[in-house]
Amino acid sequence: MNDFTSNGAFRQGGLFAVLLLFWVMLNNALTVETVVVGVIVAAVITALFKDGMSFLTDARLNPQAVLATFLYLGYFLKELIKANIALAAIVLSPNLPIKPGIVKVRTELKSPMGRLLLANSITLTPGTLTVEVGEDCLYVHCVMLESGDVNEATQRIAAGFEKYLEVMYG
Amino acid sequence: METLLDLIGAGLLVLGTAFLFLGGLGLNRMPDVLNRIQVGTKATTLGTLLTLAGAGFLHPDWALKLLLVALFLLFTNPLSAQVLARAAHRSGHVKLSEDGIDHLAEDQGDKL
């Protein structure tokens, strides 16, 4: 299934293309000089990090995955705004209603990139912060932890993101 | 049209600054390191994103660069927060209240 994207040449090509694109965007100019410099720099970086991880690592390239990426972004932004309003309410309330705790959240995601994105997303959403990544689970700090039930926490914290990341990375 | 863009941009800037302020306030009010990281990360991420968006409306020709800055921010902010949190927990600076749940400490206790 992932034969094509786990192929090194594809990943390096992708990294090179992204670096070059960023360079051109940062320069805001498409002249011969900037492109030549960009190609050289991007090639050197690609060579140095040829075994590194990029967000193309293990990414799936099919229509469902592309759709899932957009849905994921939308869901993520919604959660980010909700997270901030919820935290703002806590910070502004005089008695500071918090009940912190660290809960274990199971994840089905196998690909390192999928798990990285899951951990990052959790960190940026309502009252949760990924503290440590384990074999098949994440340890998440919560500002408001109601119960220490692993399944309930998995549902509440990870399931929303996992649904999309599953399709994108597996 | 010009003034409308300016208005939206200014509004976003104010909103972004408000969230950054709340983040600062939260840093002061929260009792321990993990809770502080929580407010710090979330409020600064949204606050900065809104500020960048506001700047994008005021200077449409900067939009592309601002988008790049926003992307870097989205990728690096949670990472640094997570590494800080992990370091704090590993060095034993995390103390939860008596009845607080800490699965991480429990699981590490099993391994030792």
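In what follows, chains carry the letters A, B, and so on, assigned in the order in which the sequence lines appear, proteins first and then strands, with residues in each chain numbered from 1. Just so it is clear, the model here is predicted, and its values are computed rather than measured.
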Nearest heavy-atom pair of [X] and [Y]: which atoms, and what distance?
{"X": "B:Ala85", "Y": "A:Thr130", "answer": "CB-O, 4.3 Å"}
{"X": "A:Leu87", "Y": "B:Val39", "answer": "CD1-CA, 4.0 Å"}
{"X": "A:Thr123", "Y": "B:Ala81", "answer": "CG2-CB, 4.1 Å"}
{"X": "B:Met30", "Y": "A:Val91", "answer": "CE-CG2, 4.5 Å"}

Enter the distance from A:Tyr139:OH to B:His89:NE2 here, rounded to the nearest 0.5 Å. 9.5 Å

Hey, what do you get for CD1 (A:Ile81) to CZ (B:Phe19), rounding to the nearest 0.5 Å? 8.0 Å

Take atom CZ of A:Phe76 as the centre, draw a 6.0 Å sphere, and report whether it contains more than 12 heavy atoms from other residues, nucleotides or ligands. yes

Sequence-distant partners of A:Tyr164, ring pair (Phe, Tyr, Trp, His ring centres under 6.0 Å), two or more places apart: A:Tyr75

Would you kindly confirm whether [X] and [Y] end up in one hydrophobic cluster when ILVMFWY residues are joined by side chain heavy atoms under 4.5 Å apart?
{"X": "B:Leu12", "Y": "B:Leu4", "result": "yes"}
{"X": "A:Trp23", "Y": "A:Ile45", "result": "yes"}
{"X": "B:Trp62", "Y": "B:Val69", "result": "yes"}
{"X": "A:Leu77", "Y": "B:Leu15", "result": "yes"}
{"X": "A:Leu117", "Y": "B:Leu79", "result": "yes"}

Is there a side-chain contact between [X] and [Y] in this structure, where contact means two heavy atoms from C-beta onward sitting under 4.5 Å apart?
{"X": "B:Leu34", "Y": "A:Ile102", "answer": "yes"}
{"X": "A:Asn120", "Y": "B:Gln82", "answer": "no"}
{"X": "B:Phe75", "Y": "A:Leu116", "answer": "no"}

Chain A contacts: which residues in residues 45-55 of chain B have a non-hydrogen atom closer than 4.5 Å to it? B:Thr45, B:Leu46, B:Leu49

Expected output: side-chain [X] to main-chain [Y] donor-acceptor under 3.5 Å:
{"X": "B:Gln38", "Y": "A:His141", "answer": "yes"}
{"X": "B:Lys42", "Y": "A:Thr128", "answer": "yes"}
{"X": "B:Arg29", "Y": "A:Pro94", "answer": "yes"}

Out of B:Asn35, B:Leu22, B:Leu64, which one racks up the most heavy-atom pairs below 4.5 Å with chain A? B:Asn35

Go through the atoms of B:Phe21 and report whether side chain, backbone, both or neither lie under 4.5 Å from a heavy atom of chain A. neither

For B:Asp61, is it the side chain, the backbone, both or neither that has a heavy atom under 4.5 Å from a heavy atom of chain A? backbone

